[in-house]
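Heads up: the structure comes next, in structure tokens.
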Protein chains: 2
Amino acid sequence: MNISSASQQSGLPLKTIRYYEDISLVRPARAANGYRDYSHADVHLLKFVQRARSLGFSIDECRLLLSLYQDENRASAEVKALALAKIEEIDSKIADLKSLRATLSTLAAHCHGDNRPDCPIIDDLAGRS
Amino acid sequence: MNISSASQQSGLPLKTIRYYEDISLVRPARAANGYRDYSHADVHLLKFVQRARSLGFSIDECRLLLSLYQDENRASAEVKALALAKIEEIDSKIADLKSLRATLSTLAAHCHGDNRPDCPIIDDLAGRS
DNA sequence: GCTTGACCTTCCAGTGACGGGAAGGTTTAA
DNA sequence: TTAAACCTTCCCGTCACTGGAAGGTCAAGC
């Protein structure tokens, strides 16, 4: 099928699908006229990547997941390790964001937020504690 | 002072400081030999930006914060609004990450993680639910 | 057969916020 | 005097795309 059908079925933008071919992530056949020709299996792979990306896996991680997906003899432990590492990454990001939030929240709470120029947020940024 | 002193005092890498000049965020004077010459006030602005960046403000937001910082007649309400908007952004990111984490966690929990090829994580990515 | 418009192709440039490294000028200490 | 430690500009690379231009192909309607 043409790229636009593949796009509809996978939920990925045209540009993204072309990009995935560029970086040899999902490579379709070519029709006689030079058009990309996606098989159902290709679309399946595109969907696979779409899901993995939406779960926060990087392109390189997707590449690994795809190879594991296509490896009949893979050990599920390898995939699980990848998922657990991702969870740790996510936890770390969440912790960072929470700490950020707390700081900003404290600053905002001390700012009266009116027409006067005094502002504890600015003061803090300026290093006046 | 030279750029390396400014770097030490602000905690920002040389490259970052030069980049901030490129994008007209913090522009130092130039010495006769062409070297950048940072005043104490410049270093103060660099530190200000460093703090704001570490709080998750984008460069453009830093630009706005800097102009507010340097505006004697600013209303603190404007700064507070920026901080509150940032908090909302952070909340939204945290929510996204938590949802991601829950999904991955469920998947990982159902994966036995041994040498067998059966893997519910891969199955889910492949759309076999 | 012709035109129109919807496809498709490749290629080039830009995003944000820098980082790496090359090529070359300046200063300072031994 | 020479070496090394600075400094400069410039260009490319990052990540995962996105936008747009220039041009080829195809299907439908007249």
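The shown structure was predicted, so the numbers you read here are calculated from the model rather than taken from an experiment. Below, chains carry the letters A, B, ... as their sequence lines are ordered, and counting in each starts from 1.
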Detail all sub-3.5 Å separations between protein N/O atoms and N/O atoms belonging to nucleotides 20-24 of chain D.
{"from": "dG20(D)", "atom 1": "O6", "to": "Lys15(A)", "atom 2": "NZ", "distance (Å)": "2.3"}
{"from": "dG24(D)", "atom 1": "N2", "to": "Tyr35(A)", "atom 2": "OH", "distance (Å)": "3.0"}

Taking atom [atom2] of [N] as reference, at what distance in whole Å does atom [atom1] of [X] sit?
{"X": "Leu25(A)", "N": "dC17(D)", "atom1": "CG", "atom2": "P", "result": "9 Å"}
{"X": "Ile17(A)", "N": "dT10(C)", "atom1": "CD1", "atom2": "C1'", "result": "17 Å"}
{"X": "Phe57(B)", "N": "dG16(C)", "atom1": "CZ", "atom2": "P", "result": "18 Å"}
{"X": "Tyr19(B)", "N": "dT9(D)", "atom1": "OH", "atom2": "C1'", "result": "17 Å"}
{"X": "Leu14(B)", "N": "dT9(D)", "atom1": "CG", "atom2": "C1'", "result": "14 Å"}
{"X": "Asp37(A)", "N": "dC7(C)", "atom1": "CG", "atom2": "C1'", "result": "15 Å"}
{"X": "Met1(B)", "N": "dT27(C)", "atom1": "CE", "atom2": "C1'", "result": "19 Å"}
{"X": "Asn2(A)", "N": "dT25(D)", "atom1": "CG", "atom2": "C1'", "result": "11 Å"}

Short side-chain N/O contact to [N] OP1/OP2 from [X], under 4.0 Å:
{"X": "Thr16(A)", "N": "dA16(D)", "result": "no"}
{"X": "Arg18(A)", "N": "dT10(C)", "result": "no"}
{"X": "Arg36(A)", "N": "dC7(C)", "result": "no"}
{"X": "Ser4(B)", "N": "dC7(D)", "result": "yes"}

Is the number of heavy atoms from other residues, nucleotides or ligands within 6.0 Å of CG (Asn115(B)) greater than 12?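 No, CG of Asn115(B) has 12 or fewer neighbouring heavy atoms, counting only those of other groups under 6.0 Å.
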Greater than 12 external heavy atoms within 6.0 Å of Glu21(A)'s CD: yes
Can you confirm whether the side chains of Asp42(B) and Ser39(B) place a donor and an acceptor under 3.5 Å from each other? yes
Classify the nucleic acid contact of Ile3(B) as base, sugar-phosphate or nothing, counting any heavy atom under 4.0 Å across all strands shown.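 Counting heavy atoms under 4.0 Å across all strands, the contact made by Ile3(B) is with sugar-phosphate only.
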Once you apply a heavy-atom cut-off of 4.0 Å, does Arg53(B) come out as touching a base, just sugar-phosphate, or nothing? sugar-phosphate
Please determine, for the side chain of Arg30(A), which listed nucleotide (dA16(D), dT10(C), dT8(D)) has the closest atom?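 Of dA16(D), dT10(C), dT8(D), dT10(C) is nearest to the side chain of Arg30(A).
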By nearest-heavy-atom nucleotide on DNA chain D, the more 5' of Asn33(A) and Pro13(A) is Pro13(A)
Validation: residues 92-99 of chain A side-chain donor-acceptor distances under 3.5 Å, sequence neighbours left out:
none

One thing to verify: whether Arg30(B) and Asp37(B) come together as a salt bridge, which I'm taking to mean a side-chain N less than 4.0 angstrom from a carboxylate O. no
Between Arg51(A) and Asp124(B), does at least one N-O distance fall below 4.0 Å, as a salt bridge requires?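 No salt bridge links Arg51(A) with Asp124(B).
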Heavy-atom side-chain contact between Arg27(B) and Ser24(B) under 4.5 Å: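 A side-chain contact under 4.5 Å exists here.
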